[in-house]
Amino acid sequence: MTFLSIRNLSVRLKKGPPLLRRVSLDVAAGEVRGLVGESGAGKSMIGKAVLGILPPSVEVTGGEILLDGTDLLRLPPAERRRRIGATCALIPQDPLTALNPSHRIGPQITDRLVDILGWTRADATARARDLLAEVQIPDPDRVLRAYPHELSGGMRQRILIASAFAAEPKLIVADEPTTALDVTVQKQILKLIAGMQARHGTALLFVTHDLGVVSKVCQRLSVLYSGMVVEDSSVTDFFAAPRHAYSAALLAATPKYTDPAAGLLPVPDAVIDAVRAEVAAHDRGAA
Amino acid sequence: MAILRLLAIRLFTTLVTLSGVAVIVFFVIRVVPGNPIAMMLPPGATDEDIARLSALYGLDQPLVTQFGIWVAGVVQGDFGTSITTRQPVLDLVLGRLPATLELSIMALVMAVILGGAAALTGTRFRGGRTEGAIDVANGMALSVPDFLWGLVLILLFGVLLPLFHISGRVTPSLELPFTTDFYLFESLIRLRFDLWADIVSHMFMPALALAIPLAAIIGQLLKQSLKETMNLDYVTLARTKGYGETRVILREALRNAALPTLTLVGVQFTFLIGGTVIIERLFSYEGLGNMAIDAVINRDLPLIQGIVLLFALIFTVVNLIVDLLYAVLNPRLRHA
Ligand SMILES: Nc1ncnc2c1ncn2[C@@H]1O[C@H](COP(=O)(O)OP(=O)(O)O)[C@@H](O)[C@H]1O
Ligand SMILES: [Mg+2]
């Protein structure tokens with residue numbers, strides 16, 4: 001059963017160039033889809049579109065974002081917000097800036113449960129305590145009362161993960177959730193997200209520029225270049241034989257854990273030229 | 001602990017500041033030409049009369065000796081005697097202080113409400129005509145000083161549409177049951193809403209005149225700060241939770257955005273208190289500022305000294321309160 005279905009989504013800078021070019025991708029219930037591409041390809045933009053947090057400087061020019069069959073883009077704003085808040089969540093990129101410095105941790109986990117989903121404060125706090133234990137935070141009661149600045153980056157990312165799972169969402173968007181962390185912490189956090197996802201059966205849209213990570217946590221992946229999906233494959237198929245020349249080059253440019261010393265190939269100019277030509281052809285077709 | 005340390009440091013710097021102010025005011029007002037004794041005596045008084053009266057007030061002594069006598073008195077809580085009214089300076093000043101405090105605080109409350117409302121509305125409807133209109137209003141409010149706003153208000157609400165009293169602190173014919181000079185607060189506590197309304201009606205225009213420029217500053221700065229805060233990651237994260245714009249502004253952004261504004265409001269509030277001098281004169285409001293102008297006109301040296309010292313003390317206390325508030329509102333400082 002498909003929970004999220006993005007159909008031909010186009011986004012552009014207001015009165016400016018396209019940022020997403022007829023992007024289509026599905027995330028089935030309980031499935032993990034990787035979203036890869038170089039920096040600036042539009043990965044975060046897709047996540048933002050799904051979560052209703054596109055910056056005011058951009059506009060959607062076409063397409064649909066079906067959440068459980070309902071097109072979010074056709075809903076009135078208040079209804080859209082409520083629906084997203086009740087069924088989706090975000091694990092942000094930078095844990096140091098994603099928690100409100102003026103609020104204690106507790107309310108930042110329980111706010112959605114109480115305000116949007118109507119839980120009692122006591123139930124929500126009990127739930128937050130359980131979740132903190134699940135993300136292996138020692139002394140959850142102390143942490144619930146702490147302010148963000150009292151906690152390390154790794155701790156804060158665990159808290160944000162706990163918070164994302166708090167309302168048992170159907171879909172979580174994780175936007176490069178380990179990029180801002182210490183290398184030593186990255187693996188733990190990755191394992192934690194994968195474990196939580198499996199236990200809770202949550203669909204996950206996993207944004208990353210690291211194919212190594214994709215091979216570990218994802219079942220399917222979309223490769224993005226300049227706002228255009230150039231490949232949509234299962235992870236097994238992709239690592240066996242990528243279909244698009246650009247994604248093949250991307251794979252060749254990824255260090256292998258088995259043999260980190262093996263030569264890293266930069267994406268060849270010819271491949272870049274070819275994929276750019278595809279983007280240009282797309283834009284001519286759209287115009 | 002951090003707060004105790006802050007208090008100790010502040011107590012010390014306050015003493016240093018006040019000493020400096022005492023020295024400066026004492027000597028400066030004696031350098032400025034004008035003889036208080038000559039002002040007191042009727043025309044045709046002899047040099048002998050002047051000399052006798054000068055001796056009575058110690059004004060024939062060398063300056064340094066006069067200063068020593070004054071400081072010795074001040075340290076014991078004796079600020080001398082007003083030359084014009086012959087009453088203790090401390091009694092006079094403390095009698096007028098509540099009127100000025102009430103006026104300043106009323107003005108501050110008005111400024112925070114007006115400026116806060118402007119900032120929040122401008123942020124809520126940012127990028128549109130509403131924000132543009134608020135920016136224009138802010139600019140106008142800032143480009144006219146408080147005493148001119150006072151004149152404008154007198155024309156508006158005193159002459160064209162006479163809604164408020166334009167002079168004094170309270171209607172003189174009213175029977176006042178007050179035991180303190182905090183009329184506004186005491187009338188509330190005694191549940192004398194009739195008196196309270198009369199006092200507010202007298203305060204409204206002077207307080208608003210003082211408040212308008214500060215409201216504009218608060219409005220501009222807080223709006224800028226709110227708009228920046230609204231782009232931060234934790235605000236974006238809150239949006240994904242299902243919260244609407246208004247709620248996100250109030251709960252996620254306001255407190256963090258208010259911190260930088262708070263410091264500036266403290267400084268600006270001391271300017272506002274300085275502004276009471278002219279505004280009280282304009283509205284014949286019987287506060288410290290009005291008394292200060294009389295004291296200067298009459299060359300009432302001990303009274304001028306007392307008033308200036310008190311203003312300096314108020315300024316340092318305001319700054320201290322701002323610093324404490326900042327520490328309370330900012331969890332990062334509270335635990336430091
Ligand atoms: N707030 C914004 N306003 C305008 N353009 C933006 C904004 N955020 C991102 N972009 C542009 O959109 C494109 C895609 O950005 P993004 O989705 O963040 O890329 P990434 O794949 O690295 O996550 C980039 O060209 C970027 O410059
Ligand atoms: Mg990104």
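All figures in this text were calculated on a predicted structure; none of them were measured in a lab. To find a chain, count down the sequence lines: A is the first, B the second, and so on, and within it residues start at 1.
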- Message: Counting heavy-atom pairs closer than 4.5 Å to chain B, which one of Val173(A), Asp111(A), Leu160(A) comes out on top?
- Response: Asp111(A)

- What residue, out of Pro101(A), Pro148(A), Ala167(A), Ala164(A), has the most heavy-atom pairs lying under 4.5 Å from chain B? Pro101(A)

Out of curiosity, [X] [atom1] to [Y] [atom2], how far, rounded to the nearest 0.5 Å?
X: Tyr243(B); Y: Ile116(A); atom1: OH; atom2: CD1; value: 5.0 Å
X: Arg81(A); Y: Glu245(B); atom1: CZ; atom2: CD; value: 8.0 Å
X: Leu237(B); Y: Leu99(A); atom1: CG; atom2: CG; value: 7.5 Å
X: Asn100(A); Y: Glu252(B); atom1: CG; atom2: CD; value: 5.0 Å

Verify the neighbour count for atom [atom1] of [X]: are there more than 12 heavy atoms of other residues, nucleotides or ligands below 6.0 Å?
X: Arg74(A); atom1: CZ; answer: no
X: Trp119(A); atom1: CH2; answer: yes
X: Arg199(A); atom1: CZ; answer: yes

- Test salt bridge (charged side-chain N to carboxylate O under 4.0 Å, His left out) applied to Asp115(A) and Lys241(B), step by step: CA-CA 9 Å; Asp115(A) 301 329; Lys241(B) 293 177 177 176; over 6 Å; no

- Sorted by number, residues from residues 211-234 of chain B in contact with chain A (heavy atoms, under 4.5 Å): Asp233(B), Tyr234(B)

- Task: Would you check if the side chain of His103(A) reaches a backbone N or O of Arg251(B) as a donor-acceptor pair within less than 3.5 Å?
- Result: yes

- Item | Residue part contacting chain B, namely of Leu117(A), when any heavy atom lies under 4.5 Å | neither

